[in-house]
Amino acid sequence: QVQLVESGGGSVQAGGSLKLSCAVSAKPYVSLYMAWFRQAPGKEREGVASINPTGFTTYADSVTVRFTISKDGAKNTLFLQMNALKPEDTAMYYCAATPRGVPFASARMEKFYNYWGQGTQVTVSS
């Protein structure tokens with residue numbers, strides 16, 4: 001079983017920063033492909049960033065440079081550092097994981113992920 005719990009969301013002004021965390025519990029241990037997704041009201045869920053078991057990352061064009069996905073293996077925690085936040089970044093952010101292999105080109109497609117956190121809200125005001 002894999003359980004994911006996000007935290008770190010909040011309200012910030014445009015240009016500010018937030019760091020999201022996703023506590024990962026996987027028993028028995030499995031090697032996971034992980035990603036951050038977000039969904040704004042009335043919009044489709046969007047893959048933001050991904051990281052594979054070897055540390056290879058991908059990013060949506062809209063967040064490249066501004067966002068950084070990383071993980072702490074010792075604490076089994078996934079992070080999303082978000083800088084230079086914009087109002088359009090406002091959304092519910094979800095941590096997702098899957099033990100299945102995910103092709104590079106599909107690393108931010110939600111259909112490949114079968115474990116999801118409850119989400120953490122990020123609100124960016126102008």
Side-chain angles (χ1 to χ4, degrees):
Q1 296 292 321
V2 177
Q3 294 181 312
L4 309 173
V5 181
E6 303 97 331
S7 63
S11 299
V12 298
Q13 293 186 350
S17 298
L18 283 174
K19 187 173 185 178
L20 306 183
S21 297
C22 174
V24 182
S25 177
K27 298 181 180 180
Y29 172 82
V30 292
S31 182
L32 299 170
Y33 289 74
M34 303 194 71
W36 287 98
F37 290 82
R38 66 185 181 185
Q39 187 167 23
K43 297 185 178 180
E44 295 184 347
R45 192 171 300 165
E46 173 189 22
V48 176
S50 69
I51 185 165
N52 78 0
T54 63
F56 186 85
T57 60
T58 75
Y59 296 91
D61 289 344
S62 61
V63 306
T64 296
V65 178
R66 297 189 300 119
F67 290 13
T68 301
I69 187 171
S70 62
K71 58 184 177 182
D72 181 341
K75 294 187 176 182
N76 296 312
T77 304
L78 181 73
F79 301 101
L80 183 67
Q81 178 65 53
M82 305 184 294
N83 299 320
L85 285 162
K86 305 175 181 180
E88 50 263 46
D89 293 319
T90 295
M92 183 72 75
Y93 283 70
Y94 298 91
C95 175
T98 180
R100 300 188 292 263
V102 180
F104 167 76
S106 304
R108 301 189 308 283
M109 295 181 66
E110 63 178 308
K111 68 179 182 180
F112 287 96
Y113 295 87
N114 59 331
Y115 294 101
W116 295 80
Q118 83 290 346
T120 185
Q121 179 67 39
V122 171
T123 301
V124 184
S125 60
S126 60

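- The OG1 atom of T57 sits 14.0 Å away from the CZ atom of F67 when rounded to the nearest 0.5 Å.
- Counting only heavy atoms from C-beta outward, the side chains of Y115 and P99 approach each other to under 4.5 Å.
- Side-chain contact check for Q81 versus N83: some heavy-atom pair is nearer than 4.5 Å.
- Just one residue in the list V122, V124, D89 forms a side-chain contact (heavy atoms from CB on, under 4.5 Å) with M82, and that residue is V122.
- Residues I51 and V2 fall within the same hydrophobic cluster, defined by Ile, Leu, Val, Met, Phe, Trp and Tyr side chains chained together at heavy-atom separations under 4.5 Å.
- Rounded to the nearest 0.5 angstrom, K111 NZ and S106 OG are separated by 6.5 Å.
- The aromatic rings of F56 and F104 sit perpendicular to each other, their planes meeting at more than 60°, with 30° as the lower class boundary.
- Side-chain N or O atoms of K71 include one that pairs as donor or acceptor with a backbone N or O of N52 at under 3.5 Å.
- The nearest pair of heavy atoms linking A84 to S17 is N-OG, 4.3 Å.
- Contact record, A97 with L32: CB-CD1, 4.2 Å, taken as the closest heavy-atom pair.
- M109 and Y59 are not part of a single hydrophobic cluster, where members link through side-chain heavy atoms under 4.5 Å apart.
- A heavy-atom distance below 4.5 Å is not found between the side chains of V102 and R108.
- Linking ILVMFWY residues whenever their side-chain heavy atoms come closer than 4.5 Å, directly or via other members, leaves V5 and L78 in distinct clusters.
- Hydrophobic clustering (side-chain heavy atoms under 4.5 Å, transitive across Ile, Leu, Val, Met, Phe, Trp, Tyr) keeps V63 apart from F37.
- Taking each heavy atom of C95 and M34 in turn, the nearest pair found is SG-CE, 3.7 Å.
- What you find for A107 and Y113 is that their closest heavy atoms are O-OH, 2.6 Å.
- Distance check, rounded to the nearest 0.5 Å: CG of L85 to OG1 of T123 gives 10.5 Å.
- In the hydrophobic clustering of this structure, Y93 does not group with F79; members are Ile, Leu, Val, Met, Phe, Trp, Tyr whose side-chain heavy atoms approach within less than 4.5 Å, directly or through other members.
- Here NZ of K86 is found 13.5 Å from OG of S126. Values are rounded to the nearest 0.5 Å.
- For CD of E88, the number of neighbouring non-hydrogen atoms (other residues, nucleotides, ligands) closer than 6.0 Å is greater than 12.
- Contact of the E6 side chain with the W36 side chain is registered, since non-hydrogen atoms from C-beta on lie closer than 4.5 Å.
- A donor-acceptor pair under 3.5 Å is formed between the side chain of T98 and the backbone N or O of F112.
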Verify side-chain contact (heavy atoms from CB on, under 4.5 Å) between L20 and R38, making sure each step is shown before the conclusion.
-> CA-CA 12 Å; L20 306 183; R38 66 185 181 185; over 6 Å; no
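- Of all heavy-atom pairs spanning P87 and A14, the tightest one is CD-CB, 4.1 Å.
- For the atom pair CG (L18) and OG1 (T120), the distance works out to 8.5 Å, reported to the nearest 0.5 Å.
- A pairwise comparison of heavy atoms in Y33 and G101 identifies CE1-CA, 3.5 Å as the closest pair.
- To the nearest 0.5 angstrom, E46 atom CD is 13.5 Å from Y94 atom OH.
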